[in-house]
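First the structure, in the form of structure tokens, and then the observations on it.
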Amino acid sequence: MTTPARTQPPWKEPHPGKSSDLKVWNSLTRSKTPFKSIEEGKISWYSCGPTVYDDAHLGHARNYVTIDILRRILRDYYQYSLQFVQNITDVDDKIILRGRQQHLFANFRSEHPTVDQTVVDTAVAAFNQYIAKNLPLLPSDVKPEGFNDAVAAAYAAVLAGKSVDGNGSPGDKEAKIKMHLKTAGSAATALLAPSQNTEEDIENFWTATADAILPYLDSLHGSTIDGSKHDIWLTLTKKYEDRFNEDMASLNVLPPDVVTRVSEFVPEIDTFTEKIVTNGFAYKTPDGVYFDIEAFEKLPGNSYARLEPWNRNDSSLVADGEGALSTNATKKNGGDFALWKSSKPGEPAWDSKAFGKGRPGWHIECSVMASSVIGSQMDVHSGGIDLCFPHHDNELAQSEAYFADESKGEGVQWVNYFLHMGHLSISGSKMSKSLKNFTTIRDAVARGDWTARSFRIILLMNGWHDGIEITDDMRKAGANLESYISNFFLRVKDLQVHPNTTSSGTENAKLEERLEKAKAEVHAALSDSFDTPAALRAIKGLIEDWNTADHSALSDEVSESLARYITRIVRIFGLDGNADPNDSAIGWSGIDIPEVSKPFVFAASRIRDNVRSRAIKKEDLSETAVKSIIEESPSKQQDAAAIPYAEILSQFQEDVLRLSKESAQPSAFLELSDRLRDVHLWNAGIYLEDRTNAPAMVRPVDAELRAEREQKEAIARQKAEAKQKREREEAEKKAKLAAQAKIDPKEMFKTEEYSGWDEDGVPTKDKEGADVPKSKAKKLRKEWEKQKKLHEEYLKGVGSA
């Protein structure tokens, strides 16, 4: 099939909606396009959701968090009313295979509660089948005990980080080989010593061999599964849909307004498919129903593969889009794709009057769900960049074929804007479920690798449709930016506790002008296809200007107006949970201490500031003076949660008074102040940041402070260890010297190395009886004289004692 002659994608100007200067990168035009919604002030949006057969990984998080950012910008910044629809794919080839395998595996395990001989034999057969299918360079008769040697010989280049042939760089092919080597190697290790001793041993065996046994059991019994029992698959998908929703909540991703599931739209898919056939753009075969690309392109205005026309003849992508369980023997043309698949034994099946028992093709699912909820045209369709071809290109074609008879003989435009998120990779490797090289979202969050905010900041620092490779430098830059903004919020919020009583019209005017400039810069950035990196640079620049301003001449109102604007923007970006961007709050979560602690902590901080200032200046710290300082005391009525903070305040007051009664030196008051800061409040999660010529700033202990303390403690430990080493070496040196001093110089050379000595004990003959050479004799005499002096000093010391 030839590529259409059209050189530009046939994109039509959307109906004029809410006008603005917003332009977005549109995959339909492969350019930045002015954004106009179909209906004034409203946006209809369909987003491809997850295929739920495993936990979502960070690559998925890149897609869903980025879409959430764009959604929030359109909703909260541009004030559009959105209808956001997202699907759950709970019927497709991957799910069929995984659900079937898990079902068979669970049954097999229930029949064999221990690792008996049948289990071992099955695992061996599975190991052999897995190698034959996935590692063809290994001998067909390789045994578990010879596996490692065989791998070292057959796949040496891959193990060395090269391509299979050893002549190039590794790619996805080599990544898959490594995955298969890991799976087979795990099974081989388990088979070398299958243990039946404990429940843990048995569980470890199943875990190590499962990835090999699953496809083996499926090859034996997969076709026996009753396709009418949909729960075999839906039990799996319901589990991972719930886990996906938990993962999205942990990353602060807004839930969809409407959720659609493939399994709930099968009748609509059947009807949709039938109409495409009636319209003349699909045909029925023994395998199912296929879309007819050639017939579709004959309609004026239509072309296929509008998003990625250069990929339309890529047979590997076409095959991947059809699924692992598909056959293409009865298609008219290689690029035609399945709308309805005749179910084979062991596959879920639904009744269709027109097409018989079968199941939906992958691409038709989204077309039907989106059209059923939104209608014949939508504003936005989004997904990961890997969905462009064939998935979204197929969606476009079949949907426009479905609605073709309403367009009076011309092609229609089903989607006005396609937004595709770029890939995410870590250390150069794109994460993939099929490669099993991914880090799941829940593992990354549980380990503390990422928080909802830190991960989102990294995405905001990069273009939404560009690929991202997360490096250590990028992580560090993201952490620094988060800390930079947090410190700004902390300093502005501190003005509510320690207000500035002086201000200057000139300084205020300068910052107010800079605020307006930053607003314009942020607006220009977001209007330029959601350029969040530029928006963040504008925000950072505004904070820099505030940091370098003359704060003694800056009014609190101006500082707070800057902080409220920055708060609004970071909330629009989703960096503060689901906090309302339009309220008057300042800051984001994590920069405030517990509300119940404030009366006691602020009181302790004020007392400490006063005591510390007097101690530094060596001013009056008598009992009378101290009593006047520590008089303030919060209410005795306390919430239970406030008791630890009240006790910290009371103890500090008592300790200050005790020192004053003892007429302690100023240094003792300073040590007490440091202990309050570095021990008592720190252990309560609160830190007092001392400042020059200003009261201490109260702030929560955060990751940055902990890292700083850990670094200081590490440096202190290194210094202490170095000092201990020097002292130990010095002591050893002294001990060795002391032992050496006890030796009489006349006896020091009486060894087997010599056979003659003079009256002082200096050697004259070597062990063979020959004279000691003059040069050596001279050297030995010097050593003797040195020892004589050392020994005489020792004897003097003994005599004195």
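- Here the OG1-CZ distance, from Thr183 to Phe127, works out to 11.5 Å after rounding to the nearest 0.5 Å.
- A salt bridge links Lys788 with Glu792: the distance from a Lys NZ or Arg NE/NH1/NH2 to an Asp or Glu carboxylate oxygen falls below 4.0 Å.
- Within the model, atoms CG of Leu649 and CZ of Arg608 stand 13.5 Å from one another, a figure rounded to the nearest 0.5 Å.
- More than 12 heavy atoms of other residues, nucleotides or ligands lie within 6.0 Å of CD in Glu623, so this atom counts as buried by the packing criterion.
- Rounded to the nearest 0.5 angstrom, Ser186 OG and Phe147 CZ are separated by 10.0 Å.
- Residue Glu199 places its CD atom among 12 or fewer non-hydrogen atoms of other residues, nucleotides or ligands, all under 6.0 Å distant.
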For salt bridge (charged side-chain N to carboxylate O under 4.0 Å, His left out), just list the numbers for Lys143 and Asp149, CA-CA rounded to whole Å, side-chain angles, deciding distance to a tenth of an Å, and then say yes or no.
CA-CA 10 Å; Lys143 299 291 189 292; Asp149 290 340; over 6 Å; no
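- The cationic group of Arg709 lies under 6.0 Å from the six-membered ring centre of Trp682 and within 45° of the ring axis, placing it in a cation-pi geometry.
- In this structure, the ring of His180 has its center less than 6.0 angstrom from the ring center of Tyr130.
- Within 6.0 Å of atom NZ in Lys750, more than 12 heavy atoms from other residues, nucleotides or ligands are found, so the atom counts as buried in its surroundings.
- At a threshold of 4.0 Å, the pair Arg614-Asp609 does not count as salt-bridged, since none of the basic side-chain nitrogens sits closer than that to a carboxylate oxygen.
- In this structure, Arg675 does not pair ionically with Asp655, as no charged nitrogen and carboxylate oxygen lie closer than 4.0 Å.
- In this structure, CG in Asp247 is found 4.5 Å from CZ in Arg442, a value given to the nearest 0.5 Å.
- Exactly one residue among Ile485, Asp702, Leu490 makes a side chain to side chain contact (heavy atoms under 4.5 Å, CB included) with Ile591. That residue is Leu490.
- Phe489 has its ring centre less than 6.0 Å from the ring centre of Trp588.
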Full working for salt bridge (charged side-chain N to carboxylate O under 4.0 Å, His left out) between Asp674 and Arg677:
CA-CA 5 Å; Asp674 288 348; Arg677 178 194 63 199; 3.4 Å; yes
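- Using a 4.0 Å cut-off between charged nitrogen and carboxylate oxygen, Lys767 and Glu752 do not count as a salt-bridge pair.
- Under the side chain to side chain contact (heavy atoms under 4.5 Å, CB included) rule, Gln101 has a single partner from Leu214, Ile213, Leu217, which is Leu214.
- Annotation for Glu713: atom CD counts as buried by contact number, over 12 foreign heavy atoms lying within 6.0 Å.
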Could you walk me through whether Tyr794 and Asp744 satisfy the side chain to side chain donor-acceptor pair (under 3.5 Å) test, starting with their C-alpha distance in whole Å, then the side-chain angles of each, then the deciding distance to 0.1 Å, before giving a yes or no?
CA-CA 10 Å; Tyr794 165 73; Asp744 188 330; over 6 Å; no
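- The residues Lys746 and Asp760 are annotated as not salt-bridged, no charged nitrogen and carboxylate oxygen being separated by less than 4.0 angstrom.
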Ser622 and Asp620: side chain to side chain donor-acceptor pair (under 3.5 Å), yes or no, with the steps?
CA-CA 6 Å; Ser622 64; Asp620 185 10; 2.9 Å; yes
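- Within 6.0 Å of CD in Gln711 there are 12 or fewer heavy atoms belonging to other residues, nucleotides or ligands.
- Checked for salt-bridge contact, Asp771 and Lys776 miss the test: no charged N lies under 4.0 Å from a carboxylate O.
- For the atom pair OG (Ser673) and CD1 (Ile607), the distance works out to 10.5 Å, reported to the nearest 0.5 Å.
- Look at Arg612 and Asp690 and you find a salt bridge, because one of the NZ, NE, NH1 or NH2 atoms lies within 4.0 Å of a carboxylate O, short of that distance.
- Within a 6.0 Å sphere centred on CG of Asp165, other residues, nucleotides and ligands contribute more than 12 heavy atoms.
- In this structure, Lys765 forms no cation-pi arrangement with Tyr754, as its terminal cationic atom is not both closer than 6.0 Å to the ring centre and no more than 45° off the ring axis.
- Using a 4.0 Å cut-off between a side-chain N of Lys or Arg and a carboxylate O of Asp or Glu, Arg109 and Glu203 qualify as a salt bridge.
- Ring geometry for Phe108 against His112 counts as tilted: the plane angle lies between 30° and 60°, on a 0 to 90° scale.
- A salt bridge does not link Glu730 with Lys736: none of the charged nitrogens is closer than 4.0 Å to a carboxylate oxygen.
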